[in-house]
Amino acid sequence: WTDTLQTTFMLASLVLSVVLISRQLGLDFSGFLDQLFNGPYSKVIVTDWHAKNFFLKHFFGGMFIAIAMTGLDQEMMQKNISVRTLQGSQKNMMTFAVVLVFINLLFLGLGVLLYTYAGQGPLPAIRTSDDLFPVVALSRLGTVSAVFFIIGLISAAYPSADGALTALTASCCIDFIGINQRDWSEERKKRVRHTVHIGFAVVLLLVIVLFRVINDDAVIGIVIMRKGENPSMVLKAVKERLDQLNARGLPPGVQIVPFY
C-alpha cells in the first residue's frame with residue numbers, strides 16, 4: 001500500500017501539472033498532443049553527432065541508465081523478486097516496462113509544456129533548468145498545484161532515500177556491529193537498529209545541506225591584453241565595461257567581481 005500511495009501521488013502531481021500548464025497555454029487535449037509530437041521540442045531523431053541531443057547518445061545513455069537503475073535499485077528489484085513464481089515475476093517486469101513507456105511520455109510532455117511556458121514571458125530568476133518546474137509549479141499555477149507538487153516531490157524522492165537508509169542500517173547493524181551474533185535482548189537490538197537508522201538519516205541530511213552550500217555557480221573569465229597595448233588604458237576600459245554590465249546588463253543577483 002505504501003508503494004501504491006507514493007506512485008498515485010506522484011502521478012497525480014504529474015497529471016495535474018500537465019493539465020494546469022496546458023490551460024495556461026490555452027491548449028486542449030488535442031493541442032497538447034500536437035505540441036508534444038509536432039512542436040519545436042518534439043524532434044527525437046537528431047543526426048548531427050556534434051549536437052547535445054544526438055539520437056544515438058540519448059539512446060545508449062538512456063539504455064544504460066535503465067539497466068543500472070533496474071539492476072542497482074533495491075526497491076525495483078524487491079518488486080520483482082517478491083513475486084511468488086518466476087512467471088509472475090516476468091509478467092510484473094513486462095507490465096512495468098509497458099506502463100513506464102506511457103509515464104515517460106507524460107514526463108516528456110511536461111518538459112515540452114514547461115519550455116513552451118517559459119518562452120511565453122519572463123519568469124523569476126532561474127539559475128538552472130532544474131529550477132524551472134519548481135518555479136512554475138509553486139508561483140504560477142496556484143495553491144493546489146503547489147501542494148500537489150510538494151506531495152509528488154516527496155513521493156518521488158522518499159523511495160530512494162528509504163531504500164538507501166534501509167540498506168545502510170542493515171549493513172551497519174549486521175556487518176559492522178554484528179547484531180545477530182551478540183547476546184542482546186530483542187529490545188536492545190531494536191533500540192540499536194533505531195539509533196543507527198536515525199544516525200544515518202541525520203548524516204544524509206547533513207550531506208545534502210553540505211552539497212547545497214558548496215554548490216557554486218560562479219564562472220571565471222580571463223581578459224587577455226594584446227601585445228603592444230597600454231596596460232593602464234586596457235584596465236580602465238575593462239573596468240568601465242564591467243561597471244556597465246553590473247549596472248544593467250546582468251540578471252538579478254548576478255555580479256561580475258574582478259580580481260588580479
Side-chain angles (χ1 to χ4, degrees), residues 1-46 51-55 57-59 61-70 73 75-76 79 92-163:
W1 285 105
T2 304
D3 289 339
T4 302
L5 286 175
Q6 291 170 355
T7 305
T8 301
F9 281 122
M10 184 188 71
L11 293 180
S13 173
L14 173 62
V15 172
L16 181 65
S17 299
V18 169
V19 171
L20 292 177
I21 297 176
S22 297
R23 287 183 178 178
Q24 292 273 350
L25 295 173
L27 300 174
D28 55 11
F29 183 69
S30 61
F32 165 67
L33 293 179
D34 181 69
Q35 192 74 19
L36 177 60
F37 293 106
N38 302 314
Y41 301 104
S42 61
K43 189 175 182 180
V44 177
I45 309 297
V46 177
K52 291 191 294 185
N53 55 344
F54 178 46
F55 171 70
K57 180 165 54 177
H58 279 189
F59 177 81
M63 180 181 72
F64 285 118
I65 288 174
I67 292 173
M69 286 182 62
T70 305
D73 192 307
E75 294 287 332
M76 296 181 70
K79 289 179 175 65
N92 184 66
M93 293 179 66
M94 296 304 297
T95 304
F96 190 64
V98 173
V99 171
L100 272 183
V101 171
F102 295 99
I103 293 177
N104 284 332
L105 279 176
L106 267 178
F107 275 107
L108 288 173
L110 176 62
V112 168
L113 291 176
L114 285 171
Y115 274 92
T116 304
Y117 185 85
Q120 299 294 314
L123 289 172
I126 297 176
R127 295 187 301 171
T128 65
S129 58
D130 292 336
D131 296 332
L132 179 58
F133 188 23
V135 168
V136 173
L138 296 175
S139 64
R140 295 301 181 91
L141 301 180
T143 305
V144 175
S145 172
V147 171
F148 269 83
F149 172 78
I150 294 173
I151 294 176
L153 183 64
I154 295 173
S155 301
Y158 178 78
S160 298
D162 178 51

Colleague: Sequence neighbours left out, cut at 3.5 Å: what donor-acceptor pairs do the side chains of residues 26-37 make with other protein atoms?
Modeller:
| residue | atom | partner | partner atom | Å |
| --- | --- | --- | --- | --- |
| D28 | OD1 | S30 | N | 3.4 |
| D28 | OD1 | S30 | OG | 3.0 |
| D28 | OD1 | G31 | N | 2.7 |
| D28 | OD2 | S30 | OG | 3.4 |
| D34 | OD1 | N38 | ND2 | 2.9 |
| Q35 | NE2 | T116 | OG1 | 3.3 |

Colleague: For atom CZ of F9, is the number of surrounding heavy atoms from other residues, nucleotides or ligands below 6.0 Å larger than 12?
Modeller: no
Colleague: Rounded to the nearest 0.5 Å, what separates atom CG in L11 from atom CZ in F107?
Modeller: 7.0 Å
Colleague: List for me each residue that meets side chain to side chain contact (heavy atoms under 4.5 Å, CB included) alongside L141, sequence neighbours excluded, and say none if there are none.
Modeller: L20, I21, Q24, V136, S145
Colleague: Hey, could you give me the OH/CG distance between Y115 and L132, rounded to the nearest 0.5 Å?
Modeller: 6.5 Å
Colleague: Cut-off 3.5 Å, no hydrogens considered: what does the side-chain donor-acceptor table look like for residues 94-105, sequence neighbours left out?
Modeller:
| residue | atom | partner | partner atom | Å |
| --- | --- | --- | --- | --- |
| T95 | OG1 | K91 | O | 2.8 |
| N104 | ND2 | L100 | O | 3.2 |

Colleague: Rounded to the nearest 0.5 Å, what separates atom CZ in F148 from atom OG1 in T143?
Modeller: 12.5 Å
Colleague: Who pairs with F133 by side chain to side chain contact (heavy atoms under 4.5 Å, CB included), at least two apart in sequence or on another chain?
Modeller: S17, L110, L114, A137, F149
Colleague: Suppose we screen for side chain to side chain contact (heavy atoms under 4.5 Å, CB included). Which residues come up paired with F59, at least two apart in sequence or across chains?
Modeller: F55
